[in-house]
Amino acid sequence: MENQQFKWRQRKKRNAKITVWIIVVILLSAAGTFVYEGMQDSDPLRVAERHFRQEAGMDGYQVETGERSLNEQNQFVQEYTFTYTADGKEVSRKVHMIQQNEKKYGLFEQWIMTDAKEDTRDLELIAPAGSQVLLNGVSPDADSIKQDENLSPGAVCYQLTGIPVENCKIQVTGLPFDSYEGVLDTSSSVVDIRDQLTVGENAKTQMTEIAKSMIRELFTAVAEDKTAEDLGEAFADTANRENLFKAVKSNLYQDGALKVSSLSFGGFEAEFGDVYYPGKNEEGYIGIEMKLSYNCSYRPVPEDTAEAEAAESETEETQTEAETEQAKKEAVFYFKYQDGSCRVTSVEVPGVI
C-alpha cells in the first residue's frame with residue numbers, strides 16, 4: 001500500500017513538472033510571436049522591401065537610403081529610392097516611410113510606406129521640326145503639340161504636363177544636328193532645346209561634298225556650252241540657278257569663245273554660320289549658311305595664233321608652269337534641311353577670271 005502511494009506521489013510530481021514545462025513553452029512561444037509581430041513594421045527598410053517583394057512582385061532591385069526628416073505632424077520620414085528593371089527599361093521609384101505616432105502593443109515602432117510625391121511641373125518644350133524627342137525614353141504625345149502662330153515653322157512646341165523637376169532625361173536626334181542627350185532644365189516654363197544643339201560632323205561633311213560637286217558641275221556645264229536646265233538634281237531647289245549660270249558663262253566666255261582651256265578646283269575649306277529658321281509665313285525648314293573657300297587653277301586660251309603656236313612647241317611641263325594660273329575664291333551656299341533631307345536654296349559663286 002505504501003509503495004503504491006509513493007508511486008502515485010512521484011507520478012504527480014512528474015506530471016506537475018511536465019505541465020510547468022508546457023506552460024513555459026506556451027508562454028515563450030506567445031512571447032516570441034508577440035515580439036515577432038510587434039517588430040514586423042518597426043524597421044522602415046524591411047517594410048519597404050517587403051512591399052517590393054510581395055505586393056509589387058519584384059525581387060531584383062537596388063535600394064539607396066535617402067535623408068530622414070520630420071513632417072508637419074512631427075513624424076519621422078525616411079526616404080528610399082528603389083531602382084529596378086520593368087519592361088526592359090531601368091526605373092527609379094522613390095518612397096517615403098512614415099513613423100506612426102502610436103506604437104504597436106504600446107512597445108514597438110510602426111512604419112508605413114507611401115509613394116513619394118514627386119515634384120513635377122508643366123512646361124513648353126521647343127525643338128527643331130522633324131527631329132525625334134524622347135523624355136525618359138518616351139516620345140511626347142502628338143496631342144501635346146501646341147499650335148503657336150508666333151513660332152517659326154522650323155520648330156515645334158510641345159505643351160507638357162507633369163514633367164519631373166529632377167532628372168528628366170531628354171534625347172533629341174535628327175539632321176543636321178548631333179544627337180543630344182542630357183537632363184531637361186525645368187527651371188523655366190519655356191525650354192528651347194534648340195539652343196543646346198550643334199550641327200553634326202556628318203551634316204557638315206554632307207553639305208561640303210554637295211557644294212564641291214555643285215561648283216565642279218556648274219563650271220563644267222558652262223565650259224561644255226550646256227544650259228542651266230542641264231544642271232543636275234542638286235540645283236533643283238536653287239532659286240538663282242538661271243542667273244548663276246549666266247554670270248559664270250559671262251566670266252568664262254568672250255565674244256562667244258571660251259577663255260580657258262582647262263579648269264580645276266582644290267583646297268576646299270568650309271566655314272559654317274549659325275543655324276537659322278524660316279519666317280512666319282514660310283515653309284518649315286532648318287537653314288544653314290556655308291562659306292566654301294577653294295583654289296581655282298586654269299589655263300587661259302592664247303589671244304592670237306602666234307601665241308598658240310609658241311605654246312604648242314613647248315614641253316608639257318614648261319607649258320603648265322607658264323600658262324597655269326591660280327585664284328583663291330569663296331562661294332556661299334544656303335542649305336535647308338527638311339525631314340532629314342538636305343537641299344540648296346541659293347548659291348553665290350564668283351567667276352574664275
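When reading the values below, keep in mind they use all heavy atoms of this one structure, side chains included, and skip hydrogens, waters and symmetry mates.
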Sidechain-backbone polar pair: [X] side chain, [Y] backbone, donor-acceptor under 3.5 Å:
| X | Y | result |
| --- | --- | --- |
| N136 | K169 | yes |
| S293 | E269 | yes |
| D43 | L45 | yes |
| Q338 | G284 | yes |
| E282 | G279 | yes |
| S152 | P278 | yes |
| R299 | E325 | no |
| Q100 | I98 | yes |
| S144 | P140 | no |
| K329 | G351 | yes |

Got a sec: does the [atom1] of [X] have more than 12 other heavy atoms crowding it under 6.0 Å?
| X | atom1 | result |
| --- | --- | --- |
| Q62 | CD | no |
| D195 | CG | yes |
| D339 | CG | no |
| K259 | NZ | yes |
| F76 | CZ | no |

Here the gap from L70 atom CG to Q99 atom CD, rounded to the nearest 0.5 Å, amounts to 9.0 Å
How far does OG of S131 sit from CD1 of I193, to the nearest 0.5 angstrom?
10.0 Å
Minimum heavy-atom separation for [X] and [Y], please, with both atom names.
| X | Y | value |
| --- | --- | --- |
| C296 | L263 | SG-CD1, 3.6 Å |
| T161 | D122 | CA-OD1, 3.0 Å |
| I288 | P176 | CD1-CG, 3.8 Å |
| Y337 | Q206 | OH-OE1, 2.8 Å |

Could you work out the complete set of other residues in the hydrophobic cluster of Y276, with links drawn between I, L, V, M, F, W and Y side chains under 4.5 Å apart?
Y285, V332, Y334
Treating Ile, Leu, Val, Met, Phe, Trp and Tyr as nodes and any side-chain heavy-atom pair under 4.5 angstrom as an edge, say whether [X] and [Y] lie in one connected cluster.
| X | Y | value |
| --- | --- | --- |
| L151 | V190 | yes |
| I126 | L160 | no |
| V349 | I353 | yes |
| I163 | I145 | yes |

Over-ring placement of R194 relative to F177, 6.0 Å and 45° cut-offs
no
Check the pair D185, S187 against side-chain hydrogen bond (donor to acceptor under 3.5 Å, both in side chains), reporting the backbone distance first and the verdict last.
CA-CA 6 Å; D185 180 8; S187 61; 2.7 Å; yes
Note, [X] side chain near [Y] side chain (heavy atom, < 4.5 Å):
| X | Y | answer |
| --- | --- | --- |
| M207 | F333 | no |
| C168 | L135 | yes |
| L244 | E348 | no |
| E64 | Y80 | no |
| F245 | L231 | yes |
| L125 | L184 | yes |
| Y253 | V260 | no |
| Y180 | I170 | yes |

Determine, for [X] against [Y], whether the closest basic-nitrogen to carboxylate-oxygen distance falls under 4.0 angstrom.
| X | Y | result |
| --- | --- | --- |
| R343 | E233 | yes |
| K336 | E283 | yes |
| K146 | E124 | yes |

Any side-chain donor paired with an acceptor under 3.5 Å for D230 and T227?
yes
Among H96, E67, M97, the one residue meeting side-chain contact (heavy atoms from CB on, under 4.5 Å) with Q78
M97
Hits for side chain to side chain contact (heavy atoms under 4.5 Å, CB included) against R216, two or more places apart or cross-chain, chain-then-number order -> K212, F265, F268
Given the rule in the side-chain hydrogen bond (donor to acceptor under 3.5 Å, both in side chains) test, do N202 and T205 qualify, once you have shown the distances and angles that lead to the verdict?
CA-CA 5 Å; N202 288 340; T205 299; 5.7 Å; no
